2 protein chains.
Amino acid sequence: MSLNGTAYLILGMLSIESDRSGYDIRKAVESSVSHFWRESYGQIYPMLKRLAAEGLIIPRQSNSKGRPERQEYSLSAKGRACLQDWLAAPYRDDPPRNEFLLKLFFGRSASPNACVQQVKNFQDKNKSLLSALLGIERWEQANGGGNPHLPYWLLTLSFGIAHLRASIEWSDAALATLESANPTATAGAKKRLKGM
Amino acid sequence: MSLNGTAYLILGMLSIESDRSGYDIRKAVESSVSHFWRESYGQIYPMLKRLAAEGLIIPRQSNSKGRPERQEYSLSAKGRACLQDWLAAPYRDDPPRNEFLLKLFFGRSASPNACVQQVKNFQDKNKSLLSALLGIERWEQANGGGNPHLPYWLLTLSFGIAHLRASIEWSDAALATLESANPTATAGAKKRLKGM
DNA sequence: ACACACATGTAATTGGTTACATGATTTC
DNA sequence: GAAATCATGTAACCAATTACATGTGTGT
């Protein structure tokens, strides 16, 4: 007993679609929730065994002509009940560690330019992730018709999008403060922007 | 060699103020960066030993009359250089796991009301954390005069504040979608609000 | 007397990534 | 024939929390 996030991830993925293998689940994670959850095979495969041993999921050998053997799983009634309990239980929030913010917090101890570079890099990464999520959102809205899970998926997407936008806006303000405190650091870049 | 976040947290904290003990560092973490970083004694004390052994920090016995013995540490030149290297190196971003979003993602497999409850709880928590951070921000702006680290601290604060606001706004929108998809679930609450 | 804050550590457990190891099938 | 993808797993290591264990000083 006493399951962790990995376990519920598996149960949840099987509740969306049955007869998935460990490999399938990993792929599904990467393509649908990777902006807020990741799993490695080193977590997934042992957990599949354990969940099967506890009767929460049901294994089934699949040998579709020629392809490598795969072990597929589906939810048992017990597993579904277990998932529902977890979904109704309060989530635990441990504020996640943020290495970027930690570097910024110690910014005064850094070499003059380092913070500005960090924030610029942060903003770039957020911008490119934002356009990726916006693309997925458009695609899902156009092609996801009839999928009963779609409203929930879109909520997690819009959450990500809202936070990325907040990060990008904050970055602008942060760069302004940093550059006003340390004007020389970016003089070269400013000249280039003005065509000099 | 090969230091982790805990190590740099310690170096950074000692760069802000010297002669701190493990206990001090833990307290400082809780009171200044706890909205994006936490450490337990189980991490701090062994790491202090290790950093001292590698010459990055310098231990000093302190026995101020009567009080329990404490082991204080300060940064060495090597430690300061090491911290600066880290501050200039690109941060690594692994998108943090978010259990709340995972539950929402599987929301379709939950009992009818569960999602709404989760989002309400999420919003409540964010609101109370927001007012806490706003309080800290006001206090720092009023009392932090002359502290050269303050601008950086305020940046991490405004980051938190911006994200909490984004979360709260998103929650409103999310509740609207969830309730329009599942109108009966909150009929009772609505009636009560209208005084019936 | 009791509780609380100060102070330092270790051990057990859990959680998680990465690298290793293997092999089949499909596509170019 | 080579490369990519499908497929499953283990071992070593690193990271982190929690519980345990101990003891002093301060304030009420």
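The structure presented is a predicted model; accordingly, all values stated were derived computationally and were not measured. A note on names: the letters A, B, ... follow the listed sequences, proteins ahead of strands, and every chain is numbered from 1.
- Of the residues listed (A/F105, A/F100, A/F106), the one engaging B/Y91 in a ring pair (Phe, Tyr, Trp, His ring centres under 6.0 Å) is A/F100, and it is the only one.
- For B/Q43, the side-chain atoms get nearest to D/dA15 when compared with the rest of D/dA7, C/dT8, D/dA15.
- Spacing between atom CD of A/Q61 and atom C1' of D/dG9 amounts to 14 Å, rounded to whole angstrom units.
- Between the axis at the start and the axis at the end of the helix from C/dA1-D/dT28 to C/dC28-D/dG1 there is an angle of 30°, using five pairs per end and rounding to 10 degrees.
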Test side chain to side chain contact (heavy atoms under 4.5 Å, CB included) applied to B/L14 and B/I10, step by step: CA-CA 6 Å; B/L14 292 177; B/I10 291 172; 4.1 Å; yes
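- Atom CZ of B/R80 has 12 or fewer neighbouring heavy atoms from other residues, nucleotides or ligands inside a 6.0 Å radius.
- Rounded to whole angstrom, the span from the OH atom of A/Y8 across to the C1' atom of C/dG15 amounts to 15 Å.
- Checking D/dC6, D/dA15, D/dT18 against every side-chain atom of B/N4, the shortest atom distance belongs to D/dA15.
- The shortest distance between the side-chain N/O atoms of B/Y41 and the OP1/OP2 oxygens of C/dG9 is not below 4.0 Å.
- A side-chain N or O of A/W170 and one of B/S158 form a donor-acceptor pair less than 3.5 Å apart.
- Put simply, CD on B/Q71 is 12 Å from C1' on C/dA7, counting in whole angstrom units.
- Within the structure, every side-chain polar atom (N or O) of B/Y23 is placed at least 4.0 Å from both OP1 and OP2 of C/dT8.
- Across the protein-nucleic acid pair, A/L3 atom CG and C/dG15 atom P stand 10 Å apart, rounded to whole Å.
- Under the 4.0 Å criterion applied to side-chain N and carboxylate O atoms, A/R26 and A/E30 are assigned as salt-bridge partners.
- Closest to the side chain of A/P46, out of D/dT10, D/dA15, C/dT17, is D/dT10.
- Atom P of nucleotide D/dT8 and atom CG of A/L48 are separated by 9 Å, given to the nearest angstrom.
- Side-chain atoms of A/S167 and B/H163 form a donor-acceptor pair, as typed in the model, at a separation below 3.5 Å.
- Of the side-chain N and O atoms in B/S21, none sit less than 4.0 angstrom from OP1 or OP2 of C/dC6.
- Two residues are said to be in side-chain contact when any heavy atoms from C-beta on lie closer than 4.5 Å; B/T177 and A/P151 fail this criterion.
- Remark: C1' of D/dC6 and CD1 of A/I44 are 15 Å apart, rounded to the nearest angstrom.
- Dashed line: the shortest gap from a side-chain N or O of A/K49 to OP1 or OP2 of D/dT8 is not under 4.0 Å.
- The distance between atom CG of A/D94 and atom C1' of D/dA15, rounded to the nearest whole Å, is 14 Å.
- Nearest-nucleotide positions on DNA chain C place B/Y45 closer to the 5' end than the other of B/R92 and B/Y45.
- Taking atom OH on B/Y73 and atom P on C/dA7, their separation rounds to 14 Å, with Å as the unit.
- Contact between the side-chain N/O atoms of B/R97 and the OP1/OP2 oxygens of C/dG16 is found at a separation under 4.0 Å.
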